[in-house]
**Student:** 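Shown below is the structure under consideration.
Because only heavy atoms are used, hydrogens play no part in the values below, and waters and symmetry mates are left out as well, while side chains stay in. Letters A, B, ... are given to chains in the order of the sequence lines, protein chains preceding strands, and every chain is numbered from 1. Everything numeric in this text was worked out from a predicted model, so none of it was measured.
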Protein chains: 2
Amino acid sequence: MSLKYAVLAALLEGEASGYELSKVFDVSLANFWPATPQQLYRELERLAADGLIEARTVQQERRPNKRLFTLTEAGREHLNAFAAEPTRRPTAIRDEFLIKIQAMDGVDPEAVRALVEERRAWAVGKLARYERVRERLLDGRTEEEYLRDADRVGPYLTLSAGITLERENVRWCEHVLTVLKRRAPLG
Amino acid sequence: MSLKYAVLAALLEGEASGYELSKVFDVSLANFWPATPQQLYRELERLAADGLIEARTVQQERRPNKRLFTLTEAGREHLNAFAAEPTRRPTAIRDEFLIKIQAMDGVDPEAVRALVEERRAWAVGKLARYERVRERLLDGRTEEEYLRDADRVGPYLTLSAGITLERENVRWCEHVLTVLKRRAPLG
DNA sequence: CGCACCTATTCAATTAGTTCAATAAGGAGA
DNA sequence: TCTCCTTATTGAACTAATTGAATAGGTGCG
């Protein structure tokens, strides 16, 4: 449903192939709408059929050919209309890890510790990657300057939401680890 | 895939009907694995067929009859085994609103402001509901006492993750609103 | 030289999730 | 009394997402 708009929004950054988008959707940018490569290729076909994006094939000599997609004017308008509408669906979070935490009291504390430690490491890594993207966007300016003067602030604001999320994630994990330590000596 | 375990984990709180679970999955508890009533009823059928939960029908005079489900010993063990395993799937967030923010630079600032304001109000409401659940769980004790002494801390820890999330959500929204105000006079 | 990995895309099958609606009885309020 | 809301569950149809694999040339490593 919204994958459509996630793809259009990703193409605001410029021309991209399905493969490039699948990298972006996997790691950095669109962390608020995950999609597998298969989903993206299908969606790109549909969007092209609807005239919201345009494809051109680029012949490559030492690589498989690729198809690069760009937003059409119709696609841009479609996206803008969507972005101006009130939000229909609330945020949906699916987190296997938190199910495990909910049920942690029936589990060996050492296994729980390992779980939380893994999560923490993962969040730390993601945070570092986000911070690097942030530095690249700011390019020497302060956040205040950037947010006052830049042409586009949307990508920066979603990024800063991601940074906050992962920062709090790390703090939460560390909190849980101290709780586990405090409870351990009793067991 | 994990809906199964989300349901089992929800039943750790005690016997419940499909209807009751659908309320819990909708609002308070399992905010990290949303599910519609239809999904829950289907999943409950499957779990009962697999012997992980047991059903009993309760005749009601002034209401439709309901079927109450409880964890079986097999179900409890199944859940514990799952919770001790390393997490396979990373957190998946699907957020239509953040797609709109990503694309906000092509949109009337007043429409964006309304969007963010709506999101803020929603987060404030959710936070208030979470805080009420928290007070009920703590029941006069301090957090430190609770986390040291309570039989089960899983539900409290997932709740506190939710509280942190919404708190930061509110702060982020307020930040974006000040950014919009600063940029508005220029347009 | 062989193996594994990267780019780049596509197909097929299956499972998961959404949407709409029907049923059925009681309670609340105009 | 008419209508709408709540409890409680079920059915069917549909769309979206996941999984696994196939293809195919190139690069890097030991």
**Student:** Categorize A/Arg67 for me: base, sugar-phosphate, or nothing, with a 4.0 angstrom heavy-atom threshold over every strand shown.
**Tutor:**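 Touches sugar-phosphate only.
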**Student:** So which protein nitrogen or oxygen atoms get under 3.5 Å of nucleotides 21-24 of chain D's nitrogens or oxygens?
**Tutor:**
| unit_1 | atom_1 | unit_2 | atom_2 | d |
| --- | --- | --- | --- | --- |
| D/dA21 | N6 | A/Gln38 | NE2 | 3.2 |

**Student:** Tell me which residues in residues 89-101 of chain A put a heavy atom below 4.0 Å from DNA chain C, sorted by number, or none.
**Tutor:**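 Within this stretch, A/Arg89, A/Arg94 sit under 4.0 Å of the strand.
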**Student:** Are more than 12 heavy atoms, taken from residues, nucleotides or ligands other than B/Glu168, located less than 6.0 Å from that residue's CD atom?
**Tutor:**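 Yes, CD of B/Glu168 has more than 12 neighbouring heavy atoms, counting only those of other groups under 6.0 Å.
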**Student:** Taking all non-hydrogen atoms of both residues into account, name the closest pair between B/Ala123 and B/Val170 and its distance.
**Tutor:**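 Here B/Ala123 and B/Val170 meet closest at CB-CG2, 3.7 Å.
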**Student:** First and last nucleotide of DNA chain C touching chain B, 5' to 3', heavy-atom cut-off 4.0 Å?
**Tutor:**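 Result: C/dA16 to C/dG27.
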**Student:** Considering only residues two or more places apart or on different chains, which pairs with a residue in residues 109-120 of chain B satisfy side chain to side chain donor-acceptor pair (under 3.5 Å)?
**Tutor:**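 Every side chain to side chain donor-acceptor pair (under 3.5 Å) pair that includes a residue of residues 109-120 of chain B, provided the two are not neighbours, is A/Thr91-B/Arg119, B/Asp95-B/Arg119, B/Glu110-B/Arg113, B/Glu117-B/Arg120, B/Arg120-B/Glu174.
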**Student:** Look up atom CG in B/Leu44 and atom CD1 in B/Ile53, then write down how far apart they are to the nearest 0.5 Å.
**Tutor:**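 Atom-to-atom, B/Leu44:CG and B/Ile53:CD1 are 4.5 Å apart.
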**Student:** Restricting to non-hydrogen atoms, name the atom on A/Ser160 and the atom on B/Trp172 that form the minimum distance, rounded to 0.1 Å.
**Tutor:**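 In this case the closest contact between A/Ser160 and B/Trp172 is OG-NE1, 3.4 Å.
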**Student:** Taking NZ from A/Lys66 and C1' from D/dG25, how many angstroms apart are they, rounded to a whole number?
**Tutor:**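 So the NZ-C1' distance, A/Lys66 to D/dG25, works out to 15 Å.
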**Student:** In whole angstrom, what separates A/Trp33's CH2 from D/dT18's P?
**Tutor:**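 Atom CH2 in A/Trp33 sits about 11 Å away from atom P in D/dT18.
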**Student:** Strictly by side chain to side chain donor-acceptor pair (under 3.5 Å), give each pair with a member in residues 36-49 of chain A just once, sequence neighbours left out.
**Tutor:**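 Every side chain to side chain donor-acceptor pair (under 3.5 Å) pair that includes a residue of residues 36-49 of chain A, provided the two are not neighbours, is A/Thr36-A/Gln39, A/Glu45-A/Arg67.
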**Student:** Taking for each residue the nucleotide of DNA chain C bearing the nearest heavy atom, is the 5' side occupied by A/Met1 or by A/Arg42?
**Tutor:**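 The residue whose closest nucleotide sits nearer the 5' end is A/Arg42.
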**Student:** Quick one about B/Glu143 and B/Tyr156 (side-chain donor to acceptor, distance below 3.5 Å, no hydrogens or angles considered), yes or no?
**Tutor:**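 Indeed, the side chains of B/Tyr156 and B/Glu143 share at least one donor-acceptor pair under 3.5 Å.
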**Student:** Nearest whole Å is fine: how far is D/dA8 P from B/Lys23 NZ?
**Tutor:**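 Whole-Å distance recorded here is 10 Å.
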**Student:** I want to check one thing: is the phosphate of D/dA8, taken as OP1 and OP2, less than 4.0 Å away from some side-chain N or O of B/Ser22?
**Tutor:**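 So the side chain of B/Ser22 is outside the cut-off, no N or O lying under 4.0 Å from OP1 or OP2 of D/dA8.
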**Student:** Under a 4.0 Å threshold between the charged nitrogen and the carboxylate oxygen, would B/Arg152 count as salt-bridged to B/Glu13?
**Tutor:**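 So B/Glu13 pairs with B/Arg152 through a salt bridge.
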**Student:** Provide, to the nearest angstrom, the distance between the CZ atom belonging to B/Arg88 and the P atom belonging to D/dA17.
**Tutor:**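 Atom-to-atom, B/Arg88 to D/dA17, this comes out as 23 Å.
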**Student:** Mark yes or no: B/Lys100 above the aromatic ring of A/Phe82, with NZ or CZ under 6.0 Å from the six-membered ring centre and no more than 45 degrees from the axis.
**Tutor:**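 Yes, a cation-pi geometry.
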**Student:** Between B/Arg167 and B/Glu131, does at least one N-O distance fall below 4.0 Å, as a salt bridge requires?
**Tutor:**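 Yes, this pair counts.
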**Student:** Is the number of heavy atoms from other residues, nucleotides or ligands under 6.0 Å of B/Arg171 CZ greater than 12?
**Tutor:**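 No.
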**Student:** Output the single nucleotide from D/dT10, D/dT19, D/dT7 whose closest atom is nearest the side chain of B/Tyr19.
**Tutor:**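 The answer is D/dT7, which lies nearest to the side chain.
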**Student:** Any donor-acceptor pair under 3.5 Å linking the side-chain atoms of B/Thr158 with those of A/Gln102?
**Tutor:**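 Yes, a side-chain donor-acceptor pair sits under 3.5 Å.
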**Student:** Let me know the distance between CD of B/Gln39 and P of D/dT9, rounded to the nearest Å.
**Tutor:**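 Answer to the nearest Å: 16 Å.
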**Student:** For the pair made of CD in A/Glu43 and P in D/dA17, what is the distance, rounded to whole Å?
**Tutor:**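 In whole Å, D/dA17 P lies 8 Å from A/Glu43 CD.
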**Student:** Would you say A/Lys126 and A/Asn169 are linked by a side-chain donor-acceptor pair, where the criterion is simply a distance under 3.5 Å?
**Tutor:**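 There is no such pair (donor and acceptor under 3.5 Å, judged by atom type) between the side chains of A/Asn169 and A/Lys126.
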**Student:** Just how far, in rounded Å, is P of D/dA8 from OH of B/Tyr41?
**Tutor:**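 Nearest whole value for this atom pair: 8 Å.
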**Student:** Does any N or O in the side chain of B/Asn80 come within less than 3.5 Å of the main-chain N or O of A/Val107, such that one atom is a donor and the other an acceptor?
**Tutor:**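 Not confirmed, B/Asn80 side chain does not pair with A/Val107 backbone.
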**Student:** Between the two ends of the helix from C/dT7-D/dA24 to C/dA30-D/dT1, what is the bend in degrees, rounded to 10 degrees, where each end axis spans five pairs?
**Tutor:**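 Angle reported: 30°, given to the nearest ten degrees.
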